[in-house]
Every structure is written in structure tokens, then in C-alpha cells.
Amino acid sequence: MSVALEASRVTTPHDRRTTTIGAIMIGLGLFIAVVFGLVVPSWAHSQLTFDPINTAVHAPWHLGALTVETRWTDTLLGLVAVALGVEVVLRHPRRAMSRFGATSILFLLALLLWASRTSGPATVNFVDLTAVLVGSSSLAMVLIYGSLSGVLCERAGVVNIAIEGQFIAGAFLGSMIESVTNNFWLATLAGALAGAFFGWILAFLALRYMSDQIIVGVVIVTLLAALSSYLNLQVLTPYPQFNLGNLAPNLAIPLLYKIPVLGPVLFNQTGFFYFAIVLIAVISFGLFRTRWGLRVRAVGEHPKAAESVGINVVATRYRNVIMGGAVAGIGGVSFMATQGQFQPGYTSGFGYIALAALIFGRWTPSGAVVASVLFGISSYLAGNLQGYSVPIPTEILGMFPYLITIAVVAGLIGRVRPPAADGVPYQRS
Amino acid sequence: MRVELREITKRFGSFTANDSISLTVEPGQIHCLLGENGAGKSTLMNVVFGLLHPDHGEILLDGEPVRFANSGEAVRRGIGMVHQHFMLVPVFSVAENVVLGFEPTKSLNRLDHDKARREIRELSERYGLDVDPDAVVETLPVGIQQRVEILKALSHDARLLILDEPTAVLTPQEIDALMGIMRSLAAAGTSILFITHKLKEVRAVADVITVIRQGRVIDSVSPETSEPDLAALMVGRSVSLTVAKDAVEVGGSSLELRDVVVRDDRGLVAVDHVSLSVREGEIVALAGVQGNGQTELAEAIAGMRHVESGQIVLGGRDITNRSPREILDEGLGHVPEDRHRDGLVLSMSISDNLVLNTPRRAPFARRGTRQLSAVADNARDLVQRFDIRTTGIDASASSLSGGNQQKVIVARELSRPLVAFMASQPTRGLDVGSIEYVHRQIVAERNAGRGVLIISSELDEVLALGDRIAVMYAGRITGVVDSSTSREDIGLLMAGAGREH
Amino acid sequence: MSTESITTAPRASWWRRLYTQSPTLLAGLAIALGIVVGAFVIIFTSPVVLRSWRHIFSSGGAILSALKITVDNVGAAYRAMFTGSVISPTLLWHSLTTGHGWTTTLTPLSETLTYATPLLIASIGVGIAFQTGIFNIGANGQAQMGGIGGAAVGSMIHVPMVIHLPLTLLAGILGGVLVGLVPGLLKAYTGAHEVIVTLMFNYVVAAFLIFSVLSTALQQPGQSNDISRTIDASAQLPPLFGVASGLRVSYGIFVAAAVIVFAWWFLERSSLGFEFRVTGQNPQAARASGISPRFIIIAVFCVSGGLAGLAGTVQMQSTTHYIDGGFLIGNAGIGFTAITVALLGRNKPVGIMWGALLFAALGVGGRAMQAATGIPLDLATIIQSFVVLLVATPVMITEIFRLRNVETQRIQLATQGWGS
């Protein structure tokens, strides 16, 4: 009695899109190979170093600098990118997005090598790989908090575009509490509460009054940006003792932190970094392995079905949005704890990049992490290439994360679907 | 289980959906709730199932009064419900759907998938409802999805099973099979509440029939009651169950499909080399269970879906893959399947809805500026001609009843000069009065010499309207037959029998 | 049914319409609540006020004096806001009796109009997009690009005013269209969600703005700062009462007036506007009715982006006559404010006009308040945000004020989800 429809596949828009992405990757690869590679004179060399910046404390096992011939190294990097592109065009792999991400990192690395070559334009003529990764990791960490917040909210069917606002709230309150108590535990708690409060506001307006979630989210961001700027002038400026901007101490994990490159990046970090790792595991496990996760996903996909088996849709959404707010609030504290003193507007759109990372990562915790790492690296590099006097204006490089995000949303979203009821207000029967 | 409802009243604002309804279902009884669309059947069932709370009255299970805070409690008390719109999460597996809300778990709240699978296999065997527990629901055909929905309803030792309009997505043979299941469940002691508006089904399976009209119980009758009597009880007046049709001279080709191939949203072939000809002055009714490609075919004819190969000809002119606007201008009248989604802008006024697809045409616009007086004149004229019951032409379309909304669409389409007229599920969800009205309009259009294509999954409608009946199954036309063909034979075609290879 | 019974009902009297017409009433109540919330923000952040409340139990009169201090402080702030954005009664009296000092008296009003002009234009662009079901968060970037376009044409070519002025305005529109077109094309052809794309474009254009004002072509000669050339006098929108008047309000208000008239005609009377609205209310029905969704999406981004671009160049042509790296970024940025204005005005041109005047007054008055009382002008944005949260949640207002029979209409745009 079953209906067996012909299952032959055709070129769907997704496939065509994937092909376009592959073509862009090949183009990028050729550009790297030719402009950064083949055109460079053969005598030019680039130097990669692996020592962390603060060698005095926690010195790792030493690894010597590596000098490579710029021409062939970049040509090789370019060819790897071309190969990845060809694979995407021919095989339409499921993870085309991450391959595109890898290509963008290759591009930035090749650019770095090229800029720091002998008698190149740069004032610094080496690339400190460890410094790049350490710098990127703290940005990635903030994005992970933000995108995990998004996972919690959107899996339950509520769009949280207010992540940026929860960052601001967390950073502001975190800085104040830390300055007063000199205790990062309390600061984290305060930031989590602040984020949770604004999560509750979003949930309250979206669930009780069924307001448009995007509008409410955007207005919460505007409100918090203004409020924090207001309080900054009224409170923090006259009383600088409330905004000391202490950085969280690094907690080195014995022995492991000595591993070259990986040690400083993964095992000599602040508590916030380790907590983010724990959070990834917990949310991943919870969402896909437990009863709680099954119910949350049911609420985000088909709230009526969930209601019909006795799951309280509204309560589930409240819980998740408040939890998501708390996670983003902690993200704000972590930003403050790694970047220093609170200033109005200093989260500069990170909340929105986290949102993009969530979409890029197909609404899964693991995907969001991969995307956060990619965006973290590209943000860091774009922000720090100035030292290399790359002949591309820094403003243009500053667009990089945003342009990648647009490319991702437009082209690479591919075969993913958001939770079916994401952003749709729920009304009982 | 003995279920007793005592004076259940449920209001939505000023509207009373259930007005002190009382009825009793004995153990092992199949109790039919018969009523028109909008009579309040589904509301009553949602009350029984704990999805809605009654404003007044009480529910007794085996003599004990109960009050459910949510439907989870109803399930725990042995009530299972098969919903009209399936309550299944499309991206979940069958097992995940069946256990949702009552999941077996291991330590750390982990889901016990093995146990869930075992439970489903057991249930499948016990009730003879075969289904793969690991299949993802959205990949299953509608008939199988309903099987999952039934399994889910039975999975907690249900002693009262509520079936809300379960036959809409089934072929006549599948309906027979479902009734067999219902009888065997009843024989084993399960009480069944069966909700429908189809008279034949009621008479075939019910032990007791309770008729509901405008939120009140009208009468309880035995299944021996004749169809016209049941219809009269349901509607409140005597109803003619057939449509009067005079013989009309059939003319040349009006709408013709030649080897049309269309794919659905997932890229699968939904319409598989369909050829069909509708001539002037005839109604061709396209029958078939929902989800066999009719929706995609209608969309392709209206220009809303890409035609991969083949040709669609309207009045001798090729309209294959032309834009919806061009096809409208060529003279296709189209009543879409889902009137709220495709047919109307509910928040806009009736007069705007009546020019929805002709806003740029004279006299409704001149040089890019709308001529509101012409729009209003048109609305006043059509409201009167098509007997649209409204407080005024500036009232929003959402203020109209379902029947009057459909009249707005029919009026809009028939007021344009047409070559052919296509209506998808033209009477779905309408009350009997509106159904009669729409049917008369459709026949009048045919009598005026237009070709008419009706796409319907209601077999009664197909038989009543069609001069010729084409049956669609799995994207193909399995047969084009005469309107005198028996229900059973058409049912076989709907299930794919007689399919030529 | 007779023909008579289906004609339009006679119009109710104006006060009855005002009361029952929920948008106006609800907006008014939202504004009132916003001002109350603003007062509480002032109270809780003013040391003087807080100190006075700490001692209310010390003596019998303390509570009265605390109340007085509170009212004085809040009153001073709001008075400064009012006199700084509308008119000061004392100055008005002075001018009326002596006939002098009109410049000082009218400056607040002139400033409010000056700020309202570009805000109104941009908000109408956002409102038209809203009516089409499109959420254009990118008005900021579009307006900045409009400013860049206007500054380039205004400073680089030199022709008589009759050509130069319209050409500069056109360049601004084109700049906005250009930035708006990208998200439009992406949404139309790939289904990319416009909220994300326009949001990201704000950052892209902000970077491009700095790049462009630092480029040799546009940078002010002899400067190393991020500041552009000054446009020719022939490209400027001159002050309405002449340069000698000292009032900045310019001929730009006629541009804004023209935009209001155009938007009203477009939305209420034009066929294309009708198709926009049909698409906004029900995209599937629009498609079934022969309206091409792609065309509408691209068209609405052109209209919306073009108006934002026009707003940017009008701002530049009527006030500074040059742009710098911080162009239109102040407060929440013109783009975000435009969203709030459009929501407050229910996306209707006339409603938006009142909304823009109000929020411009808040902004201008906020500046005066900061100068007079030291309370940061961010208070204006805080009040705005509250007003819009309330406007977006009409049911809450009806509950707070226990209104009966007031029809509320929910704004809802996000039903499409994020994916393609």
C-alpha cells in the first residue's frame, strides 16, 4: 500500500549553490597560488615562530623557528585550496561549509606569510603562529558562548537576536561586580543573572504577548547599548573603582600546557575557556542524547505535537530562553575578562557574528563551535594584520568576517533547515 | 472504559463552540460524532483530550470525574487521540515520535532507544500495524504516517481512542482496513469516539451516532438511519445530495496536459507524464488520495511550479512555464487548494481581495494609480451577485465565514473572462449550504461552455460533479472513467490498481 | 441582501475615532509610559535624589523634601529636554515683547526639524519595507552610502545649482539603492534572510565609509583625518531662512514633505504599492495572484535603500556639508532609530512623520538636557527603546491600562525562519 515515488535526484538549487561555492574556492586558491606564490621572487623567505608571547611564565617546551620559501609555500597553500574546491564541485560533500572555512583560513595564512616575507612591506618579518592562535581562541570563546546561547533558544523555537545585548549586560555587570568584589565567580554569576534577566524579557514579550521576536531582540540590543552607555557616564566614569577591568588569570594545566603551540592555546587559558568547553559537551549531549533534548527539539519543530503529549511548550521555551540568556551573559563576562575594562560599544557586533556562527553551524552545538573558531580566527587576523602593513587597507580587511557571514548565509546554508517553528509565536489551540 | 460527558460548554470569546453537550460512550462501543465543519466536534474532542479546558461541565471516566491539566494526563488515564492534522514531528524517527512525552530513559536522563524500538515492534505486532521504528517520519507516505499516529495513540494502553476525521487521507480500501482495525479494537473492549462528516462511514461502522449542530447535540440515532435523514439532522433542513446537471454539448479542447512532468519541493517526481484533456462544456474531476501529485499538478498549471517536461495548453495557446500573471491573463480561473494561504489576504478588505489578481487592469487602475471607486463598484456588484454575506465591502476577509471566503475567491475568478476554470478542493471545510452553492456555480460555468477541472480528494464530490473522472495515484493517471463508475472501481484506481506500465 | 446595507458606514466623529482607533491611543500611552520609565532611570542614577531618599526616616519633613528634590531633578531634566527641542516660553515671551532674539528662541525648533528630516525619510523607507514583510535593518549602511555618494558628486563635479543639487540628491539615492540591492538580490535568488545580511552590511559599509573618507579622491585636501571634502555651495540644501538667520533648518524639509506625499500615494493608491502590501500580508497569495516575489523583493529593497540613501545625503547636504568617519553613527545610529520610528508610526507615512518629529525632539532635547543637567543623552535612546517595546506589545498596554474593546494588531515578521 505504500507509495514509492521515483527517487532520482536532480540538480536542486542547493547543488547549484554548492557548485558555485566550489568555484569560488578554486578561484581563491588560484589567486593565492599565483599572487602570493608564483609571482614572489624565489629568494624571499618567510619565518614562522611558535613561541608564546609570555615566555617568562609557563614556558613551554621550545620549538625553533621555521623558515620557509615564500613562493612555494604559498603556491602549495593555494593548491590545497584548489583541491578542496575541486572536491566540493565534484563530490558535493555534506560539509562544504567547513571546507570553505578552511579555504578562508588558508587565504589569511598565505596573506600573512606573503606580507612578512623578506624585504616585504611588513615591519614585522615573522608570523607568530602561537600568538595568532591564542589571540583567536579568546575571540572564538566569546562567539562559542553566544552561539550556544542561540542553540538553546532557537532549538526551542525562539529567535534570540538579542545575544549582543546580553553580551553587553554581562560585560557591564561582570566588570562592576568583579571590580567591587575582586571575585570572578561572583562576576560570572552576576553576568549570568543579567543575561538571564534579558532572556526572560525576550521570552516574556515573545511568549506571553507574542510580539515579533526579531523586533524585540533588536530593541533589547538598542536599549542595552544605550543603558550601558548612560550608566557608563553616570556611574563608571565618576567612580572608576567600579570598572577596574582586571583580566581573569590563566589557569595552566600541569604538563599539558608545555606542549608547543597546542599547550598555550588549549591548556593555558582562563577558567572561562574551560567552562566553554564543558558547556559545548553538556549542551551537545543534552540536546541529542537525553529526554530533555528530545522534548526541546520537539517544541522547536512542532509545538502542537509536543503539547498533545503533555509537554508544556511555553514553559520549555521560557526555560531555554532564560538559560540561553544566562549563557550569553557569561559570554559577556568572558569578553570583559579577556579584553579588559568595560567601554560602551566594545562588543562591536560580536553578538551578531555569534548568531551567524549559529546559522553557519546548522543549529548544532558542534557546528556552532566550528563556525565560532573560524570566525574567531578571521576576526583576529583581520584586526591584527595592520602590524604587517599589508597593502590592503585595514578597513577592507575589517569587512572580512561580515562578508564571510553574508556569503555563508546566502550561499552555504545549503541543505540545512532551521527548526521548523523557529521564530513562530505559539498559541495554545 | 465508560466515558461520560456531562453538559460540556466551551466558549471562545463571545462564540460558544460547545453548548452543554452530554453524551456517553459505553465500553467497547464505536460512538460516532457526526456534524458539519465548524459544528464543534474537534473542540469537544480537544476538551476530552485535555488540550482545552471546558468552561462548564464535567468528564467522567468509569464514573469518576476527571479534570486534565494537559493532554499528558489524559494519555495517562488511557485516552489516545488520532488527530486530523497529525501530531508528528517530521524530522524525528517513528520511535522518537511514539515515545515523545513518555520516553524510556537510562541513567543521566539518556533516551533508551533500544527499549523504545522494542516497544514499537511489540505494538506493531499486537495491532498488525507494520512500521519501521527507525524511519524518519517525513520520508513516509501519508497513509503510513497515519499508522504511526494510531500506534502513538494506542501506545499507552488506550481504553478510549478518539479518531478525528481520520479518513480524509485514505483510499476507500484503506478506509475499510481502518474500520476493520476499529472493530477489532472495540471487540477487545476499547471505546472509540469517531468524528466525521461523512455519512457513509458513519453508517458502516457506528454503534451509536450522535449528531452535533452549531455546538449542540441534536439527536442520538442508530446507524440504520437513512443517509438523507442523517444529512437533514446534520444540516437542519433537507438536503439534496446530488447536483442537478443538464446535458451540455461538449466543444473543443479547453485545457490540455501533454506528458507533463513536475517535481516536488524535495526534487522528487511528483507528476509523472500526465496527459489529460478538458473540453469546453465538461467537468473533469481529478480524484485521488491527497499527496499523490494533484497539488503539484495544479500548481504547475497555475504557473507556480516549474514544468520539467511536457506541455500545458490553454485554449490552444501554450502556457507551459509561463508566469502566473501571464497564465491568469490568458484566461485561467483558479481556486487554490488552501484558500487562506494562496487565495486571500485575510487582513485586507473584501473589495481588495476581489481584485487581488487584477489590480493593474482597467478599470481598477489607470497609469499605475488605483481607481478605488471602480474597485468599490466591482465589489458591490460581486457581493450582490454571489450572495457574499458581509457587513460591508470594507470589512476584512478574515471577518467572513469559511463559506463566504470561498465565495469571494469564486466570485473573483468567475468575474474575469475565462477560457478554463480550475478549482482545487473547492469545498474543503465548508458547510453544506456553501458546498451546494459552490457546486451550482461550478456547474453553471460548465453550462456556459467553459472547460472545468475539479481536483478533489472527496470521492462524493468527484462523483457528484464530474462528467469524466480521472484518478491519480503516485503521480500518474491510473484511469479516466465515466461518472457512472462504481465507488469500488474508482477506489481501486486510487490505490494504484490498473496502472499501466 | 440589499445594496444599501453594503455601503461604507459613515465616519465616526474625530474624538471617537481617536479613542477607538487603537494605534494612536496605544502609541500615546506607550510614549507616556516611556517618559515615566525615563524618569525612574533619572531617579535611580542621580546621587542627589538617592541621597535625599536615604534620609526620609530621619524627620517628618524629610519625605516631602525628598519628593521635592526628586520632582525638581526629573522636572529639570524634562524641562531642559522640552525647551531644548521645542521652545522656551521665557525666550518666546522675550522675543514677542522685544522683537529680538528670534534666532535663539527658534533654534530648538529648527534643530528638531533638522534632525527629523533625514530620520523621517529613512523611517519611511523602513516602513515601506515593513509593509512588504521585509525587515530592513540595514538603513544605517544605506544612509551612509547615500552620504558617500552625495559627498562625492557634491564635491567632485562643479555645475550650476539647478543641475548640481538634484544630481547630488540622486547620487545619494543611488548609493542607498546600491547597498540595498545586494541583500535584495541575495534574498530573491538564494533566500538569504535579509535580517542577517542587512545587519552585516551595516558593518561592511561602516568600514567602507572610513576607507572612502581616507582615500585621496574624497579626503579633505591637507587633512590626515577621516574627513571628506566639503561639497560645493551649489550642491548644498540652503537654510530655509537664509544663512543670516542662523537657523539650520533647510530646504531639506521640502524633500521630506515630498517623500511623505510620495509614500502616501505609493502605499495607498499605486498598483505597485498594492502589490507590495499584498506581498507583505501574504506572500503565497501574492504569488498565486501573479505577483512575482522576486521582483517585489528587489523593488522594495531599491525603494527602501534609495530612501535611506536620500536620508543620508540630505543630512550631509543640509548640515555639515561633508562627511566623516562617524557619519550617522551617533546615538543608536539613524538606521536603528528609523526602525523604532517606523514601528511607532505603524508604518504609515503620516504616523511616521509624528514619530520622527517626536524622536528627533527626544534626541535634540537630550543633548540640551545633557548640557543643562549632566544627564547623558543616552536617556533619549532608552526612552525610545521602551516606547517601541511597548508599541510592539500592544496587548500589554491594554492590560496595563485595562482598556476594553481596543483592537490590537500584532506585528509579526519573523515567521519565515532563517534558512533558505
Side-chain angles (χ1 to χ4, degrees), chain A residues 1-16 92 155-157 281-282 284-316 362-364 415-422 426-429, chain B residues 42-43 46 49-52 68-76 81 83 85-92 96-97 99-105 108-112 140-144 152 156 171 173-174 177 263-270 272 289 291-293 308 473-475 495-496:
Chain A
M1 211 184 285
S2 74
V3 185
L5 289 183
E6 201 180 316
S8 69
R9 277 222 150 257
V10 273
T11 29
T12 64
H14 300 315
D15 290 338
R16 249 176 281 135
H92 294 304
R155 278 290 178 170
V282 169
S284 242
F285 172 81
L287 212 48
F288 294 106
R289 294 270 181 280
T290 69
R291 167 156 76 184
W292 170 79
L294 189 75
R295 292 183 173 187
V296 165
R297 286 184 289 135
V299 165
E301 293 283 348
H302 195 332
K304 287 210 150 129
E307 184 89 50
S308 79
V309 291
I311 297 169
N312 190 333
V313 173
V314 172
T316 306
R362 309 150 174 243
W363 287 267
T364 65
R415 286 172 211 139
V416 313
R417 280 188 303 192
D422 202 6
Y426 177 69
Q427 204 154 19
R428 283 195 66 179
S429 310
Chain B
S42 291
T43 304
N46 286 335
F49 194 55
L51 282 168
L52 293 174
F68 301 130
N70 59 51
S71 43
E73 290 182 11
V75 173
R76 274 185 208 98
M81 180 158 173
H83 300 264
H85 304 286
F86 302 153
M87 293 297 175
L88 300 174
V89 180
V91 295
F92 282 8
E96 285 171 330
N97 266 298
V99 299
L100 185 66
F102 303 89
E103 306 85 349
T105 51
L108 282 175
N109 241 343
R110 275 175 304 153
L111 295 172
D112 192 340
L140 298 174
V142 189
I144 308 287
K152 186 176 156 188
H156 307 286
T171 64
Q173 283 75 12
E174 284 175 318
R263 290 182 186 268
D264 66 13
D265 292 333
R266 288 179 295 168
L268 306 175
V269 173
D272 191 359
V289 175
N292 276 288
E308 186 160 280
Y473 170 75

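Chain letters run A, B, ... following the sequence lines, proteins first and then strands; every chain starts at 1. This is a predicted model, so every value here is computed, not measured.
- Contact between A/Gly310 and B/Ser71 at its shortest, heavy atoms only, is N-OG, 3.5 Å.
- For the atom pair CH2 (A/Trp292) and CG (B/Leu108), the distance works out to 14.0 Å, reported to the nearest 0.5 Å.
- For the pair A/Ser308/B/His83, a side-chain contact is recorded, criterion being any heavy-atom separation below 4.5 Å from C-beta on.
- Across B/Thr105, B/Leu100, B/Val89, B/Val75, the residue that shares the most heavy-atom pairs under 4.5 angstrom with chain A is B/Leu100.
- Here the shortest heavy-atom pairing between A/Arg291 and B/Leu111 reads CA-CD2, 3.6 Å.
- For chain B, the nearby parts of A/Leu294 are the backbone and the side chain; heavy atoms of each come within less than 4.5 Å.
- Contacts of B/His156 with chain A are absent, with no heavy-atom separation under 4.5 Å from either backbone or side chain.
- Few gaps surround CZ on B/Arg110; more than 12 heavy atoms of other groups in view lie less than 6.0 Å from it.
- The NZ atom of A/Lys304 lies 15.5 Å from the CZ atom of B/Phe86; values are rounded to the nearest 0.5 Å.
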